[in-house]
Structures are given as C-alpha cells and as structure tokens.
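Following: one structure in structure tokens, then a few remarks.
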Amino acid sequence: MFDTLDAVRTDIAQRLKRGASDRKSAFHCPAIATADADARIMVLRAFDEDAWTLRFNTDARAPKVSVIGESAPVGVLFYDAGAKIQLRCRGTGRIEHYGPIADAAWEEATNFARRCYLGDGPGLVSDEPTSGLPERFEGVEPSDEDLEPARENFAVLLVTVEEADWFYLSNDGHVRAQFLHGKGRWVAP
C-alpha cells in the first residue's frame with residue numbers, strides 16, 4: 001500500500017486536505033505544541049499543498065499568540081486510529097492578525113464561529129463556569145453588526161511544515177517515512 005515515498009507524500013497531502021474540509025476526518029483536530037511546551041487541540045482550517053502550510057484560527061488574545069509571534073517552532077500531531085497512521089509535523093509558526101489570509105479566514109467563518117471572539121480573552125479567571133460570551137449571545141447567532149468588535153480579537157496561526165514524520169502501524173511491520181524540507185527518506189520505525 002505504501003511502498004514509495006511519492007505514495008506516502010500523496011497520502012499525507014490527501015489526509016491534510018480532508019482534515020481541513022471534513023469535520024469527521026481524524027486529521028480535523030490535531031494537537032498543537034508551542035515552544036513553551038504547551039499543547040492544545042485546534043481545528044485545522046486549511047492546508048496549502050503547494051506551500052505545505054497549515055492554517056488554524058485563533059484568538060489574538062490567547063497566550064500562544066505571543067509565544068509564536070512572527071516566527072517560532074510549532075509541532076502538530078495528527079493521528080488516525082482507524083487507518084493506524086500518525087503524522088508528526090514540525091515547522092515555523094506565525095500569527096497573522098490582519099492581511100489577506102486572516103481577512104479571508106474571517107470572511108469564511110460563520111457568525112456562530114465568529115461569536116467566540118466577542119467573549120472574554122482565553123484564560124480569564126471566573127468565579128463560576130463560563131463560556132466567556134456576553135450573556136445576550138449565549139446560544140444566539142449575532143448579526144454582522146454585533147460582530148464588528150470581534151474582528152479585533154481574531155487571528156490565524158500559519159504553520160509552514162518543514163518536517164513531516166509519517167508512521168504507519170501494521171501487524172506485518174510498521175513503516176515510517178520522513179520528509180525534511182520536501183525531501184523524503186525511509187527510516188526505521
């Protein structure tokens with residue numbers, strides 16, 4: 001099934017594209033790790049196959065934004081239990097608050113998704129369980145006008161994948177391949 005590096009590279013690209021477009025894909029919600037050893041699950045929103053860039057939406061007030069800034073190492077871990085495939089990506093992350101990519105990401109988001117950026121900043125302490133949203137937007141879709149202040153809190157995380165480590169678990173023997181700056185090689189599992 002995976003007997004050439006080209007087949008593995010194609011498999012990676014297909015899984016990442018599907019992960020960005022299909023919320024039922026195992027690659028839709030990977031774990032993201034930043035240089036401060038903090039990890040979280042994020043939703044993969046886009047994959048640019050030509051540039052090998054992953055895009056995630058984020059709150060501009062989140063602590064990870066200052067850790068990543070304009071250039072920082074980021075790790076992304078995907079796992080598809082059904083296919084028995086793990087993909088570890090390492091690359092350079094950057095936050096884009098404004099610009100063509102961030103603006104397009106904002107425009108493609110639904111008003112329910114944009115609503116998240118109306119609330120309190122991530123990590124704000126509360127005396128009781130809270131969504132952080134203003135009460136009037138709990139369970140309610142805001143209007144475009146209501147969302148105008150939310151755009152200030154929206155940004156995107158872009159990760160340019162420099163290393164991809166693909167691992168296939170098999171009873172016949174595991175198979176592993178690595179791609180470093182696009183160049184592939186087989187490695188022992």
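Keep in mind the model is a prediction, meaning the values are calculated, not measured. Here, residue 1 is the first one in the sequence, and each next residue gets the next number. The figures that follow rest on heavy atoms only: side chains count, while hydrogens, waters and symmetry mates do not.
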Report yes if the side chains of [X] and [Y] come closer than 4.5 Å at any heavy-atom pair, otherwise no.
| X | Y | value |
| --- | --- | --- |
| F78 | L16 | yes |
| I85 | F2 | yes |
| R151 | H97 | yes |
| T34 | R40 | yes |
| F47 | V161 | no |
| P149 | L118 | yes |
| R61 | L124 | no |
| E138 | V140 | no |

Passes side chain to side chain donor-acceptor pair (under 3.5 Å), D6 versus T4? Steps please.
-> CA-CA 5 Å; D6 285 341; T4 69; 5.5 Å; no
For a quick test of reading the model, state the closest non-hydrogen atom pair linking [X] to [Y] and the distance between them.
| X | Y | answer |
| --- | --- | --- |
| C29 | V43 | SG-CG2, 4.0 Å |
| Y168 | A83 | CE1-O, 3.5 Å |
| G182 | F179 | O-CD2, 4.1 Å |

Would you check, one step at a time, whether the test side-chain contact (heavy atoms from CB on, under 4.5 Å) holds for L77 with Q86?
-> CA-CA 7 Å; L77 175 63; Q86 171 185 274; 3.8 Å; yes
Start with the C-alpha gap between F167 and H174, add the side-chain angles, then the distance that decides, and say whether ring-ring contact (aromatic ring centres under 6.0 Å, His included) holds.
-> CA-CA 7 Å; F167 189 85; H174 306 320; 5.5 Å; yes
Please tabulate, one pair per line, all N/O donor-acceptor pairs under 3.5 Å involving side-chain atoms of residues 63-72, not counting sequence neighbours.
{"residue": "K64", "atom": "NZ", "partner": "T58", "partner atom": "OG1", "Å": "3.0"}
{"residue": "S66", "atom": "OG", "partner": "P63", "partner atom": "O", "Å": "3.0"}

Mind running side-chain contact (heavy atoms from CB on, under 4.5 Å) on V156 and F56 for me, showing each step along the way?
-> CA-CA 6 Å; V156 295; F56 305 89; over 6 Å; no
Do side-chain atoms of [X] reach the backbone of [Y] as a donor and acceptor pair under 3.5 angstrom?
| X | Y | value |
| --- | --- | --- |
| E96 | A102 | yes |
| R55 | T53 | no |
| R114 | E107 | yes |
| H28 | G19 | yes |
| W106 | D103 | no |
| R9 | G184 | no |
| S126 | P129 | no |

Quick one: do L54 and L158 satisfy side-chain contact (heavy atoms from CB on, under 4.5 Å)? Show the steps, please.
-> CA-CA 6 Å; L54 308 168; L158 300 167; over 6 Å; no
Between F154 and Y117, how do the two ring planes meet: parallel, tilted or perpendicular, split at 30° and 60°?
-> perpendicular
In sequence, state the C-alpha distance, the side-chain angles, and the governing distance for I41 and I32, and then conclude on side-chain contact (heavy atoms from CB on, under 4.5 Å).
-> CA-CA 6 Å; I41 301 298; I32 311 297; over 6 Å; no
About how many Å separate [atom2] of [Y] and [atom1] of [X], when rounded to the nearest 0.5 Å?
| X | Y | atom1 | atom2 | result |
| --- | --- | --- | --- | --- |
| N111 | L147 | CG | CG | 5.0 Å |
| E148 | S143 | CD | OG | 8.0 Å |
| Q14 | S25 | CD | OG | 11.5 Å |
| C116 | N153 | SG | CG | 11.5 Å |
| K84 | L169 | NZ | CG | 7.5 Å |

Looking at [X] and [Y], does any basic side-chain N land under 4.0 Å from a carboxylate oxygen?
| X | Y | answer |
| --- | --- | --- |
| E141 | R136 | no |
| D48 | K17 | no |
| R15 | D11 | yes |

Kindly work out whether a path of hydrophobic side-chain contacts (I/L/V/M/F/W/Y, heavy atoms less than 4.5 Å apart) joins L5 to V175.
-> yes
With the 4.5 Å side-chain cut-off for hydrophobic clustering, are W186 and I12 part of the same group?
->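 Linked within one cluster.
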